[in-house]
Student: 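Okay, handing you the structure first.
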Amino acid sequence: MPDQDNGSENSYILTCEELADLFQASVDEIKEQAGHDDLIMLPGGKTGILPRKVKSILKEKGFDYSRKVISHINMRGGIGKTTATISLATRAKQYGFKTCIIDMDPQGSASLVFNIMPEDDDPVFYDVWQKPEEMTLGTIRRIDENLYILPSSLENGLLDSVLGNPASQKKAVSGVCDVLKDDGFEIIIIDNPPSLGSAVISSICASDIVVVPMFSDAFSFRGLEITLDEINSICDVFNLRIPTVKALFSKYDKRERASEMAFEKLKESYSNILIPHVIRTTTEFSKALERRETVFGSSRKNPAKQDYDMYARYILNLNGYSNKDNV
Ligand SMILES: Nc1ncnc2c1ncn2[C@@H]1O[C@H](COP(=O)(O)OP(=O)(O)OP(=O)(O)O)[C@@H](O)[C@H]1O
Ligand SMILES: [Mg+2]
């Protein structure tokens with residue numbers, strides 16, 4: 001069995017234990033099914049399984065890798081939009097999806113996590129939306145095998161002024177997503193700035209699923225309400241299918257009464273959209289950021305991985321195998 005290549009060829013790998021958990025099978029059964037060539041020894045001594053093999057096993061079980069665009073949106077800042085984007089993207093890659101992140105936030109936080117900061121001449125969304133068919137594989141940057149990003153810089157701060165016209169809002173992000181889908185990307189995950197400006201409206205128009213990360217404070221509840229209203233009016237005005245909308249409790253601290261009360265309020269008032277898995281607060285996120293990776297970069301078990309895995313399984317519809325509900 002080869003050792004993991006530390007040249008970041010394939011840094012995000014599922015362990016056999018994790019796949020066994022998804023299928024509720026034994027680790028030995030998974031190893032047998034994978035065969036020697038698609039297993040890999042991970043740092044820490046765990047056995048990993050290459051994403052291409054995960055994909056072929058899931059496909060054999062009838063899983064459909066149909067193309068989806070997922071946006072994380074809330075005008076409340078610091079609530080976990082970027083964390084949800086990068087965590088979902090790296091997990092989707094581990095589950096065998098060809099994945100691209102579109103970083104729409106001029107802060108460029110998702111790009112920074114992966115150390116992909118565009119130079120002055122490097123294209124960002126602002127440079128490509130008018131002629132997306134001219135995007136090349138050099139425009140989107142490789143993070144890992146089958147994991148790419150269209151990075152962002154301050155230039156994207158100009159988007160709200162150039163996307164003033166409704167026809168541009170309707171087409172800009174969806175045009176780029178269509179080209180990415182034609183290039184074989186199965187999951188496109190958009191990280192949005194903390195606003196509901198024209199660029200975010202354009203992301204809504206392109207999305208199959210909009211996830212609103214939430215927290216216990218009144219600002220994030222207000223952000224959820226405004227986002228829901230905005231989605232309804234945009235889809236009405238543009239005559240678009242309303243995307244699936246979900247709320248994710250992205251910073252849950254069971255020691256805080258405010259967290260408990262906010263989760264109860266969400267269950268009461270938004271039960272139809274609330275994702276039944278919370279993301280607990282933990283320092284694992286900041287530790288992973290220091291290593292310039294997501295929590296899925298390490299094969300060690302921790303609550304952050306556990307919670308974002310439940311989120312990923314739910315959003316990617318992977319739960320048919322463990323008899324839990326999906327989107
Ligand atoms: N569940 C969590 N537990 C602890 N820290 C978290 C959690 N989720 C996110 N964080 C941390 O909170 C900070 C803000 O998260 P993040 O950048 O994802 O928010 P954001 O909504 O994208 O912010 P912005 O609106 O500014 O783009 C980051 O330092 C991140 O590591
Ligand atoms: Mg962010």
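All values below come from the heavy atoms of this structure, side chains included, with hydrogens, waters and symmetry mates left out. Atoms within a ligand are numbered from 1 in the order they appear, just like the ligands themselves.
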Student: Please classify the S250 to ligand 1 contact at 4.0 Å (heavy-atom distances, strictly less than): side chain, backbone, both or neither.
Tutor: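 Near ligand 1, S250 shows its backbone, while the atoms from C-beta on stay back.
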
Student: So which heavy atom in the protein is nearest atom 26 (O) of ligand 1, and how far is it from that ligand atom?
Tutor: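 I find the closest protein heavy atom is Q107 NE2, 3.3 Å.
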
Student: Would you mind listing which atoms of ligand 1 come within a distance below 4.0 Å of any non-hydrogen atom of G77?
Tutor: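 Numbered from 1, ligand 1 contributes 25 (O).
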
Student: Ignoring angles and geometry beyond distance, decide whether G80 reaches within less than 3.5 Å of ligand 1 through its nitrogen or oxygen atoms.
Tutor: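 Looking only at distances, the answer is yes, because the N/O contact criterion of under 3.5 Å is met.
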
Student: Ignoring hydrogens and angles, state whether a donor on the side chain of D217 or S220 is under 3.5 Å from an acceptor on the partner side chain.
Tutor: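 The answer is yes; a qualifying pair exists.
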
Student: Compute both the distance and the angle, then confirm whether R67 meets the cation-pi test with Y65: under 6.0 Å from the six-membered ring centre, within 45 degrees of the axis.
Tutor: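 Relative to the ring axis of Y65, which defines the angle, R67 lies outside at least one limit.
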
Student: Flag this pair as yes if the NZ/CZ of K246 is under 6.0 angstrom from the six-membered ring centre of Y311 and inside a 45 degree cone about the axis; otherwise no.
Tutor: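 No; the conditions do not both hold, so K246 does not lie above the ring face of Y311.
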
Student: Looking only at side-chain N and O atoms, does D309 offer a donor or acceptor that is under 3.5 Å from a partner on Y95?
Tutor: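 Yes, D309 and Y95 have a side-chain donor paired with an acceptor closer than 3.5 Å.
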
Student: Quick check on side chain to side chain donor-acceptor pair (under 3.5 Å): which of K98, K55, K181 does E186 satisfy it with?
Tutor: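 Among K98, K55, K181, the one that satisfies the side chain to side chain donor-acceptor pair (under 3.5 Å) with E186 is K55.
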
Student: Should you measure from each heavy atom of T282, which atoms of ligand 1 turn up under 4.0 Å away?
Tutor: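 Atoms satisfying the 4.0 Å criterion: 3 (N), 4 (C), 5 (N).
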
Student: What protein heavy atom is closest to atom 12 (O) of ligand 1, reported as residue, atom name and distance in Å?
Tutor: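 Of the protein heavy atoms, K251 NZ, 3.1 Å lies nearest.
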
Student: Closer than 4.0 Å to some heavy atom of L289 - which atoms of ligand 1 meet that?
Tutor: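 Within the 4.0 Å cut-off of L289, ligand 1 contributes 31 (O).
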
Student: With respect to R280, determine whether any N or O atom, backbone or side chain, lies less than 3.5 Å from an N or O atom of ligand 1.
Tutor: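 Min N/O separation from ligand 1 is below 3.5 Å for R280.
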
Student: Do the non-hydrogen side-chain atoms of F285 and L289 ever get within less than 4.5 Å of each other?
Tutor: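 No, side chains not in contact.
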
Student: Of all the atoms in ligand 1, which lie at a distance below 4.0 Å from a heavy atom belonging to I279?
Tutor: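 Heavy-atom distances to I279 below 4.0 Å select 1 (N).
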
Student: Taking the non-hydrogen atoms of S109, is any one of them nearer than 4.0 angstrom to ligand 1?
Tutor: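 Not so, S109 does not reach ligand 1.
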
Student: Do L154 and L159 sit in the same hydrophobic cluster, where Ile, Leu, Val, Met, Phe, Trp and Tyr count as joined when their side-chain heavy atoms come under 4.5 Å apart?
Tutor: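 They do not share one cluster, since no chain of ILVMFWY contacts under 4.5 Å joins L154 to L159.
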
Student: What part of D105 sits under 4.0 Å from ligand 1 if we count only heavy atoms: the side chain, the backbone, both or neither?
Tutor: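 The answer is the side chain of D105.
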
Student: Atom 24 (P) of ligand 1: which protein heavy atom is closest, and how many Å away?
Tutor: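 Of the protein heavy atoms, G78 N, 3.5 Å lies nearest.
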
Student: Step by step, work out the side chain to side chain donor-acceptor pair (under 3.5 Å) result for E29 and S26.
Tutor: CA-CA 5 Å; E29 279 172 287; S26 74; 3.1 Å; yes

Student: Does the side chain of V200 reach to within under 4.5 Å of the side chain of I73, using non-hydrogen atoms?
Tutor: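 Sidechains of I73 and V200: in contact.
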
Student: Would you compute the distance between atom CG of D105 and atom CD1 of I102 and round it to the nearest 0.5 angstrom?
Tutor: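 Reported to 0.5 Å precision, the distance equals 13.5 Å.
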
Student: Please state whether the rings of F185 and Y148 are parallel, tilted or perpendicular, taking 30° and 60° as the class boundaries.
Tutor: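 Geometry flag for Y148 against F185: perpendicular rings.
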
Student: Ignoring hydrogens and angles, state whether a donor on the side chain of E260 or Y252 is under 3.5 Å from an acceptor on the partner side chain.
Tutor: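 Side chains of E260 and Y252: pair found under 3.5 Å.
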
Student: For atom 28 (C) of ligand 1, is the nearest protein heavy atom under 4.0 Å away?
Tutor: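 Protein heavy atom within 4.0 Å of atom 28 (C) of ligand 1: absent.
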
Student: Tell me whether L180 shares a hydrophobic cluster with I204, the cluster being built from Ile, Leu, Val, Met, Phe, Trp, Tyr side chains joined at under 4.5 Å.
Tutor: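 No; tracing contacts between hydrophobic side chains, which count when under 4.5 Å, never links both residues.
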
Student: Output yes when the distance from some N or O of ligand 1 to some N or O of I79 is under 3.5 Å, and no in every other case.
Tutor: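 Yes; at least one N/O pair falls below 3.5 Å.
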
Student: Which residues and atoms, counting only protein N, O or S, are under 2.8 Å from the Mg ion (ligand 2)?
Tutor: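 For the Mg ion (ligand 2), the protein N, O and S atoms that sit under 2.8 Å away are T82 OG1.
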
Student: Tell me which protein heavy atom sits closest to atom 17 (O) of ligand 1, plus the residue, atom name and distance to 0.1 Å.
Tutor: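 Going atom by atom, the protein heavy atom closest to atom 17 (O) of ligand 1 ends up being T82 CB, 3.9 Å.
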
Student: Say you draw a straight line from OG1 of T139 to CG of D122; how long is it, rounded to the nearest 0.5 Å?
Tutor: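 Separation between the atoms: 9.5 Å.
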
Student: Can you list the ligand 1 atoms lying under 4.0 Å from a non-hydrogen atom of K81?
Tutor: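 The list of qualifying atoms is 18 (O), 19 (O), 20 (P), 21 (O), 22 (O), 24 (P), 25 (O).
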
Student: What atoms in ligand 1 come closer than 4.0 Å to a heavy atom of P194?
Tutor: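 Every atom of ligand 1 under 4.0 Å from some heavy atom of P194: 25 (O).
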
Student: Is there any N or O on T83 that sits under 3.5 Å from an N or O of ligand 1?
Tutor: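 Indeed, backbone or side chain, T83 has an N or O that close.
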
Student: If you measure only the distance, is there a donor-acceptor pair under 3.5 Å linking the side chains of T82 and D191?
Tutor: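 Yes, because at least one side-chain N or O of T82 sits under 3.5 Å from a partner of the opposite role on D191.
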
